[in-house]
2 protein chains.
Amino acid sequence: MAKPVPTVEQVDTGFLESLLGYNARRASLAVIEVFLERMAPYGLKPVDFSVLSLVAHNPGITSRQLCAALGILPPNLVGMVNQFEKRELIERQPHPHDGRAMGLHLTSAGQKLIRDAERTAAQLEAEVAGRLTPAEQRTLLRLLRKVYLK
Amino acid sequence: MAKPVPTVEQVDTGFLESLLGYNARRASLAVIEVFLERMAPYGLKPVDFSVLSLVAHNPGITSRQLCAALGILPPNLVGMVNQFEKRELIERQPHPHDGRAMGLHLTSAGQKLIRDAERTAAQLEAEVAGRLTPAEQRTLLRLLRKVYLK
DNA sequence: TATTGTTATACTCTATAACTATA
DNA sequence: TATAGTTATAGAGTATAACAATA
């Protein structure tokens, strides 16, 4: 008697769900999906938001510092900054102490945009993380940082 | 007197670090980086591992079921399965009840490979999550799932 | 008419090499 | 000699449209 060919009704993802990497990736994709929708009105993708936010909180930051902080490669930042300059959100100014570098600064339009966008991000945060109690939210952020900070 | 142009010594990433999406992404990238190194000897990238692992635990699973479980699009799975067939790790068998579908099964070589790879993954898990106490590990996984499961 | 698997293709993201100007 | 910024380009990863076979 031949062995019957098995079929699958309910997919068992048990092993994958036991892995930190799998769960962290799924969670980040879920959050980023909502983020993408909410940031579309501002014309910002997640990385764009990160860049503008860092320039807002660090006026005069250089491309190199941005790349280091966000894990972006320099060639891939150039296009972003160019777009921001075309949209008149960012200005490149000569660095006061280093003739090779350019300091990045927000225009007043850029400041207004990122102020609104950060408010939206904070709101989204409250919703998405709203399935967790405030204590759980703090715990989650703390544990995540513990994982990725060396 | 002109306003001096500011420069940045220490980059302030405070706002970004308050966002769940940012932290989840950083954590998942950190884990995946180590995962990539450890899986290289098996010739598996993270998605490859997920696919093989699901086929191992769900013999006869169809492409469509795999795509749904992993959030992959069907056209992007085809190439992967083809590679696995060429490496003689996976076999496509006609589905017993649905002439359109193909059931996926591991060869004995595929079974051995994924058994070793899963052992390596569990080991890696113990190391990476080793910065956390066992209780913290359980908490982290539980909270992450709470975020991405609707 | 809808679904599975597939092909072809396009778009985005990320990565590498090399150039320039300044240090 | 090394670094900041840039250009050009290559490679992954991810997305959409359309088709044949089957339900």
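Any value given below was found using the heavy atoms of this structure, including those in side chains, with hydrogens, waters and symmetry copies removed. Per chain, numbering begins at 1; letters A, B, ... match sequence-line order.
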Can you tell me how far C1' of dG5(C) sits from CG of L77(B), to the nearest Å?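 L77(B) atom CG is separated from dG5(C) atom C1' by 10 Å.
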May I have the distance from I72(A) (atom CD1) to dT12(C) (atom P), rounded to whole angstrom?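 Computing the I72(A):CD1 to dT12(C):P distance gives 17 Å.
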Donor-acceptor contact below 3.5 Å, side chain R25(A) vs main chain S28(B):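 No: the side chain of R25(A) does not pair with the backbone of S28(B).
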Would you say the side chain of V147(B) lies within less than 4.5 Å of the side chain of L143(B), judging by non-hydrogen atoms?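 With C-beta onward as the side chain, the pair stays apart.
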Less than 4.5 Å apart, any side-chain heavy atom of L70(B) and any of V51(B)?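 The answer is yes; the side chains approach within 4.5 Å.
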Any idea which heavy atoms bring I114(B) and A56(B) closest together, and the distance?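 For I114(B) and A56(B), the tightest heavy-atom pair comes out as CG2-CB, 3.8 Å.
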Taking all non-hydrogen atoms of both residues into account, name the closest pair between A69(B) and L54(B) and its distance.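 So the minimum-distance heavy-atom pair works out to CB-CD1, 3.9 Å.
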Sub-4.0 Å heavy-atom contacts from residues 30-64 of chain B onto DNA chain C, ordered by number: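 Of all residues in residues 30-64 of chain B, the ones placing a heavy atom under 4.0 Å from DNA chain C are T62(B), S63(B), R64(B).
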Could you identify which residues of residues 80-97 of chain A place a heavy atom less than 4.0 Å from some atom of DNA chain D, listed by residue number, or say none?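 Contacts with DNA chain D under 4.0 Å: R92(A).
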Contacts of [X] that satisfy salt bridge (charged side-chain N to carboxylate O under 4.0 Å, His left out) - sequence neighbours left out:
| X | answer |
| --- | --- |
| D98(B) | R100(B) |
| R142(A) | E136(B) |
| R38(A) | E127(A) |

Dump the intermediate steps for side-chain hydrogen bond (donor to acceptor under 3.5 Å, both in side chains) on Y22(A) and S50(B), then the final yes or no. CA-CA 9 Å; Y22(A) 178 82; S50(B) 302; over 6 Å; no
Considering heavy-atom distances to DNA chain D, does R25(A) or P74(A) have its closest nucleotide positioned more toward the 5' end?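 Looking at the nearest nucleotide for each, P74(A) comes out on the 5' side.
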What does the list of N/O pairs under 3.5 Å between the protein and nucleotides 15-22 of chain C look like, with a distance for each?
unit_1, atom_1, unit_2, atom_2, d
dA15(C), N7, N76(A), OD1, 3.4
dA15(C), N7, N76(A), ND2, 3.0
dA15(C), N6, N76(A), OD1, 2.9

Are F35(B) and F49(B) close enough that their ring centres sit under 6.0 Å apart?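 Centroid separation for F35(B) and F49(B): below 6.0 Å.
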